[in-house]
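First the structure, in the form of structure tokens, and then the observations on it.
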Amino acid sequence: MKPFRLKLLVILLFFFSFSVFVFNSHPVSGQTFSLSLWPPILELMIQPGKTITQNYQIANLSDNPIQITCQLLTFAPLGEKGNVKFLTELPQNIFFTLDNKDLKMGQAFTLDAGKKKDVVLKIQVSEKAIEDDYYLTFLFASQTGSGITTGTSQTGVIGSHLLLTVSEDGQPPKKGEIISFRTKKVIDSLERPTFFLKVMNRSRTFFKPQGQIQVQGMLGQKFSLPLRPDNVLANSQREILTATDSASPKFLLGPYRVTVEFALEENGPTLKKTATFFAIPAKALIAIIISLILLGIIKSKEKFLPRRRNHS
Amino acid sequence: MVKWRKFLSKLTLTFFLFAQIAGFVFLFPPKLESANLTSVSDTISNNRLSFRGELEGAVAASSGVIALDTTPENSNNTSSGSASLMENDSIRVGAGSTATVTTVKTIENATRVILAAGLTNAASDADPVVSTVSAIHTVSLTPVSTIPNGAFRVLIPAATDSMTGDGLPDKTGFDVVTGSLPSVSCTGGGAGYTFETGTATRSATTVSGTNFHSFECLYRGNGGTGTAVIMTIGTPSGNKLINPAPASTTRFPGAADSYTFRVRQTEGTAGSYAVADETLGTLGVVEAVRVTATVAPTLTFHLTPLTTASTACGVNPDIDTTVNSVPLGTITSSAFTDAAHMLVISTNASGGYSVTASESGALSLGGLGTTTIPDTTCDGGGCTVTTAAEWNTPSSSTGKGFGYALQDINGDSVTTALEYNNGATFKARPFGTTAQQIMSSSTIAADDSAYVCYRIVVSGSQQAGDYQNYVIYIATATF
């Protein structure tokens, strides 16, 4: 009997493993689109009247050649999490061309499977260009499908954002404001506190907040969370995240004072705001209370249960 | 017996004479002209070479990018390219009073350096670029002679007299700034030494053809031996000696340039300071070894077609897609036609990524944009390009049209409210001509993937013909 059960178990295990592989697979057609782009984002500061070139590397990681065209679009920030809304108008007095001999903007080129290509973007800023920020995306688009009757053609596009600051003195003024800084007023002692920080950029050039959130308890407990230096674009709001929360202790107790402080640039003016929260061991207290109640019930039942007689 | 007595007397006399002579010798020993001080060392707080190179090409005022010459024209500028510079080094670019002092922000490559601030004034080709490295010298020595009221003197090699004192690093020795010489202090040696405030003298003496700066501590007392004396030249917040620039542009990278220093104990506190003891030591100054490791951020986007054998958004597609098309074929008014693509995105950019989708317009007859298959508004008209809603009734009059649903596969990249099974069977929305975010992450992502599930159903009165449009997926890093 035992060998039969063992065989059955082995067969079932084998069947289960096979099923997992089958159900987790993604049946796909032969060709794929897979592009890689470097750099994914570029920050540049340039004087009016100057020219700069930047090398972009596009790689075809798919197993078939891809027809690619390059295009530039301007964008505006969308929402508060670093997303964009593409616009069609290109900035005035700034000229974008490709510095490759064999390539022009908008002209398709074939990138063979597994190959890379350096695409050199030349940016010429006219003397007349206004000192301001210009936000663009350098897009590499695959050619759309053709030859279909009814259906949709797909275009895969990969893009690199370009944050361009035109400045004569290289030190454009930066002005920001903390729109909101808050946290949950009461948290459980075992919970990690979360903070919501929204910053408004009231200047014409983007900045990265450089600072931290410092948490201090009434009993002297202290920890800090560095702010992630995300870009807050000109005249826009951005939710700022902390770089890591690994510094927060696993158990918090009592009242805490939270201070966020950051500079808009190195050695620049700082912005500061405070908030408070209270940590109570609610979950632990509930667990203790439930345990005590259960213990009480068990004790009271034991009292009323008849004792087992010894039949020996 | 008499002979034995005479022998003893002679022996006693001999011993007495020997003792007399020995006593004189030991009580009044001849003075040694020179001996070696022991345990001599000069520990410098920073043994990096200073940088003294020159510009390759002119640089306009306000520009924050400079190129450094690998073969400088001026023979005193011996630093080649950017090899021994490091980020955050203080740097002086330009000649004389028009020079700009700033810091190194980034070293892009072997010659190109990005400065923290643009130049105040324009700089010309071959103008000097200087980054000095200063260090505190801690000289240790153990006296071997007891010399009352003397001095300890340390000689540090310098360039020729005319070259020193300008604060610019020299290729043949350490430099100081005239009028801002480093302070000197001495301690130790035991009870026989009471040190006075030390002194520093630029280009004080020449020994065997080499010019030296001199650093000296006079002391009062009987002196003593065996206990180390420590001389400190410079202070952390005060003036220091400036390390030399590379000895030549053709030096072997990583090899130290050696300089011989001299440590002396001299007699007297005034006058000629006759050298009693002297020891030579060697100082090694080496170029900075810049170790950098850069993980270049990249963004990778895959678009993979799916076949009818797959399951996406809870349904089996009715048609195979290709990498760049969804050939919907013959569509009906009584049942949905489903198809799907898989999107996969990876980035090591710290801000994460965003994938948006948009369409050129509604599916239109011949792609002309006139007669169209509408974009769906889902069952009961509940969905828009920004809001998803249940769309699972092909007969629903509001649900006729073209739309899509999303399924998270890996990485939680699709907003929960937009997932196909979030409180529904097939939660969908139409594409819009304005790009809508379909996947995102606020941090680095490895193979975040999602299905885009296309669905179409037409009304019975839809004009026959071939309808086309195109859908664009744009993957970008979050700014």
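Naming: A, B, ... by sequence-line order, numbering from 1 per chain. Since we're looking at a predicted model, the values are computed, not measured.
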Side chain / backbone / both / neither for B/T443 at chain A, heavy atoms under 4.5 Å:
both

What part of A/L61 is in contact with chain B, defined as an atom under 4.5 angstrom from a non-hydrogen atom: side chain, backbone, both or neither?
side chain

Quick check for you: to the nearest 0.5 Å, what is the distance between B/N324 atom CG and A/Q67 atom CD?
11.0 Å

Applying side chain to side chain contact (heavy atoms under 4.5 Å, CB included), can you list everything that pairs with B/S62, at least two apart in sequence or on another chain?
A/Q47

Polar side-chain atom of A/H161 near backbone of B/T478 as donor-acceptor pair, under 3.5 Å:
no

Verify whether the ring centers belonging to B/F479 and A/F206 lie closer than 6.0 Å.
no

Using non-hydrogen atoms only, which part of A/I46 is less than 4.5 Å away from chain B: side chain, backbone, both, or neither?
neither

Working to the nearest 0.5 Å, report the span between CZ of A/F86 and OG1 of B/T434.
12.0 Å

So do the side chains of B/S354 and A/K81 get within less than 4.5 Å of each other, counting heavy atoms only?
no

Of all heavy-atom pairs linking A/S36 and B/T298, the shortest is OG-CB, 4.1 Å

Please classify the contact between B/I331 and chain A as side chain, backbone, both or neither, with a heavy-atom cut-off of under 4.5 Å.
side chain

First locate atom CD of B/Q437, then atom CG of A/L78, and finally report the distance between them rounded to the nearest 0.5 Å.
8.0 Å

Check the pair B/F402, A/T152 against side chain to side chain contact (heavy atoms under 4.5 Å, CB included), reporting the backbone distance first and the verdict last.
CA-CA 10 Å; B/F402 177 56; A/T152 69; 3.4 Å; yes

Sort B/I472 into side chain, backbone, both or neither according to what part of it lies under 4.5 angstrom from a heavy atom of chain A.
both

How far does CD of B/E359 sit from OG of A/S153, to the nearest 0.5 angstrom?
12.5 Å

If you tally heavy-atom pairs under 4.5 Å between each of A/I158, A/D230, A/V84 and chain B, the highest tally belongs to A/I158

Correct closest heavy-atom pair for B/V323 and A/Q154 would be O-CB, 4.1 Å

Heavy atoms only, distances under 4.5 angstrom: which of B/I345, B/I474, B/L343 has the most pairs with chain A? Name it, please.
B/I474

Determine whether more than 12 heavy atoms belonging to other residues, nucleotides or ligands lie under 6.0 Å from atom CG of B/L365.
yes

Pick one of side chain, backbone, both or neither for A/K50, based on which atoms fall under 4.5 Å of a heavy atom in chain B.
side chain

Is it the backbone or the side chain of B/A357 that comes under 4.5 Å from a heavy atom of chain A, or both, or neither?
neither

Nearest heavy atoms of A/G156 and B/L303, plus distance in Å
CA-CD1, 4.3 Å

CG-OG1 distance between A/L73 and B/T476, expressed to the nearest 0.5 angstrom
11.0 Å

Check whether A/F140 gets within reach of chain B through its side chain, its backbone, both or neither, counting any heavy atom under 4.5 Å.
neither

Check the pair B/V471 / A/T155 against side chain to side chain contact (heavy atoms under 4.5 Å, CB included), numbers first and verdict last.
CA-CA 6 Å; B/V471 171; A/T155 303; over 6 Å; no

What are the two closest non-hydrogen atoms of B/L299 and A/P40, and how far apart are they?
CB-CB, 4.0 Å

Check this for me: A/I130, atom CD1, are more than 12 non-hydrogen atoms of other residues, nucleotides or ligands nearer than 6.0 Å?
no

